Amino acid sequence: MSKITTYETAWCPGCGNFNILDCLKTALEELNKDPYEVLMVGGIGQAAKLPQYISTNSFCGLHGRALPAAVAAKIANEKLTVIVNSGEGDSYGEGGNHFLHNIRRNVDITHFVHDNQIYGLTKGQASPTSMVGMITEVQIHGNANIPLNPVLLAIAGGAGFVARAFSGRQEHLINIMKQAIEYEGYAIVDILQPCVSFNKLNTFSFYSQRVYELDSSYDCTDKTAALLKAMEFEDKIPLGILYKENKSTFHQKNIILKSGMPLIDLQYDPVILDTIMNEFI
Ligand SMILES: Cc1ncc(C[n+]2csc(CCOP(=O)(O)OP(=O)(O)O)c2C)c(N)n1
Ligand code: SF4
Ligand SMILES: [Mg+2]
């Protein structure tokens with residue numbers, strides 16, 4: 001089994017991010033991934049700090065820009081296992097356009113969205129998935145906007161692997177993480193995660209009372225059933241792989257990349273490269 005190390009974090013005691021980090025470490029170890037084989041990417045936010053707390057390669061970019069950096073790395077070196085860890089604000093708000101277009105491209109990366117239904121890092125403003133009526137220091141009369149349903153959007157948009165998990169169900173989360181990482185193509189997992197400091201509505205017990213795991217009677221290849229299941233987010237919240245389909249990846253569709261030779265291994269002419277780079281000086 002490989003050995004992945006995690007480091008001390010700056011998260012609040014009791015934050016759901018701790019379980020997500022622990023589960024990710026276990027999932028990578030159980031998949032026998034060595035740290036050098038993995039690139040962890042984040043944008044900006046509490047969740048997006050995760051790449052700094054684990055001994056894989058890591059990159060933290062701008063707010064909302066985790067996906068483009070992850071996609072670029074995967075295109076440059078397809079041998080890397082590329083995993084994005086970011087919040088729902090970073091992933092669906094500031095980075096919403098990248099989320100939609102990455103679904104279309106189907107680059108082979110994994111996207112773990114730590115969905116605490118709040119902007120945690122900036123101390124508690126409504127995020128794209130905050131519930132209607134949630135009162136914050138900014139939304140003093142209650143959040144007036146309907147929440148985005150990321151799993152419904154992902155399935156409707158054509159994503160091939162769409163799942164929902166909860167940071168409080170660790171064994172289940174590890175299992176989903178492993179399947180998402182092994183999936184060939186863009187895999188998104190929306191992970192419900194309590195923010196104990198700023199979201200007093202969607203607490204650990206709020207989620208615990210509502211979540212249930214999909215069993216083997218559920219057919220995740222049936223798109224119509226998946227769309228209906230994805231809409232369930234009130235008294236009951238289904239956890240598991242909501243939809244799965246094998247689709248051609250970006251690499252398989254691209255005439256150069258499909259040769260299987262990672263771009264970083266291709267020979268290049270330094271003179272030509274210097275000429276191009278000098279144009280930017
Ligand atoms: C372009 C830009 N806009 C706004 C911010 C301020 N900002 C930093 S993190 C963040 C929200 C993070 O929320 P989320 O992605 O849900 O992560 P969390 O902290 O909840 O894990 C915001 C608005 C920024 N850094 N850059
Ligand atoms: S503010 Fe919320 S999301 Fe951020 S570390 Fe604290 S509990 Fe976790
Ligand atoms: Mg958040």
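Just so you know, these numbers use all the heavy atoms, side chains as well, and skip hydrogens, waters and symmetry mates. As the structure is a computational prediction, the values presented were derived from the model and not from experiment. Whatever order the structure lists ligands and atoms in, that order sets their numbers, starting from 1.
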Under 4.0 Å, heavy-atom basis, I'd like to know which part of [X] is in contact with ligand 1: side chain, backbone, both or neither.
{"X": "Gln125", "value": "neither"}
{"X": "Leu121", "value": "both"}
{"X": "Ile118", "value": "backbone"}

Separation between [atom1] of [X] and [atom2] of [Y], rounded to the nearest 0.5 Å:
{"X": "Arg105", "Y": "Asn102", "atom1": "CZ", "atom2": "CG", "answer": "7.0 Å"}
{"X": "Leu50", "Y": "Leu21", "atom1": "CG", "atom2": "CG", "answer": "5.0 Å"}
{"X": "Asp90", "Y": "His114", "atom1": "CG", "atom2": "NE2", "answer": "10.5 Å"}
{"X": "Tyr92", "Y": "His98", "atom1": "OH", "atom2": "NE2", "answer": "15.0 Å"}

Item to check | Gln46 N/O under 3.5 Å from ligand 1 N/O | outcome: yes
Checklist entry - Does any N or O atom in Asn17 lie less than 3.5 angstrom from one in ligand 1, N or O only? => result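 Between Asn17 and ligand 1 (N or O atoms, distance only) the closest approach is not under 3.5 Å.
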Please write down residue, atom name and distance for the protein heavy atom closest to [atom].
{"atom": "atom 23 (C) of ligand 1", "value": "His63 NE2, 3.7 Å"}
{"atom": "atom 21 (O) of ligand 1", "value": "Ala47 N, 3.0 Å"}
{"atom": "atom 17 (O) of ligand 1", "value": "Gly87 CA, 3.8 Å"}
{"atom": "atom 13 (O) of ligand 1", "value": "Tyr119 CD2, 3.3 Å"}
{"atom": "atom 20 (O) of ligand 1", "value": "Gly120 N, 2.8 Å"}
{"atom": "atom 1 (C) of ligand 1", "value": "Glu94 OE2, 3.5 Å"}
{"atom": "atom 14 (P) of ligand 1", "value": "Gly89 N, 3.6 Å"}
{"atom": "atom 6 (C) of ligand 1", "value": "Thr122 CG2, 3.9 Å"}

Checklist entry - Okay, side chain of Asn199, backbone of Asn116: is any donor-acceptor separation there less than 3.5 Å? => result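 Yes; judged by distance alone, with no hydrogens or angles, the pair exists.
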Checklist entry - Would a distance-only check, ignoring hydrogens and angles, find a side-chain to backbone donor-acceptor pair under 3.5 Å from Asn19 to Ser167? => result yes
Checklist entry - Can His114 be said to touch ligand 1, with heavy atoms closer than 4.0 Å? => result no
Checklist outcome for this item: Listed as residue and atom, the protein N/O/S atoms under 2.8 Å from atom 2 (Fe) of ligand 2 are Cys195 SG
Checklist entry - Looking at Phe166, does the NZ or CZ of Arg164 lie under 6.0 angstrom from its six-membered ring centre and within 45 degrees of the ring axis? => result no
Checklist entry - When Ile118 is tested against each of Lys123, Gln125, Lys200, Met134 for side-chain contact (heavy atoms from CB on, under 4.5 Å), which residue passes? => result Met134
Heavy-atom check, side chain of [X] versus side chain of [Y], under 4.5 Å:
{"X": "Thr5", "Y": "Tyr7", "value": "yes"}
{"X": "Thr56", "Y": "Lys33", "value": "no"}
{"X": "Lys25", "Y": "Lys3", "value": "yes"}

Item to check | Under 4.0 Å to a heavy atom of Asp90 - the qualifying atoms of ligand 1, by number | outcome: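 What qualifies from ligand 1 is 14 (P), 15 (O).
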Checklist outcome for this item: Taking only non-hydrogen atoms of Ile44 and a 4.0 Å limit, the atoms of ligand 1 in range are 8 (C), 9 (S)
Next on the checklist: So for atom CG, which belongs to Leu201, do other residues, nucleotides or ligands contribute more than 12 heavy atoms lying within a distance under 6.0 Å?
Outcome noted: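 Enclosed: over 12 neighbouring heavy atoms sit under 6.0 Å from CG of Leu201.
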Next on the checklist: Please check if the number of heavy atoms outside Leu273 that lie under 6.0 Å from its CG is greater than 12.
Outcome noted: yes
Item to check | Where ligand 2 meets Gln193 - atom numbers and elements under 4.0 angstrom, heavy-atom basis | outcome: 3 (S)
Checklist entry - Which class fits the ring pair His111 and Phe99: parallel under 30°, tilted 30 to 60°, perpendicular over 60°? => result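 Perpendicular.
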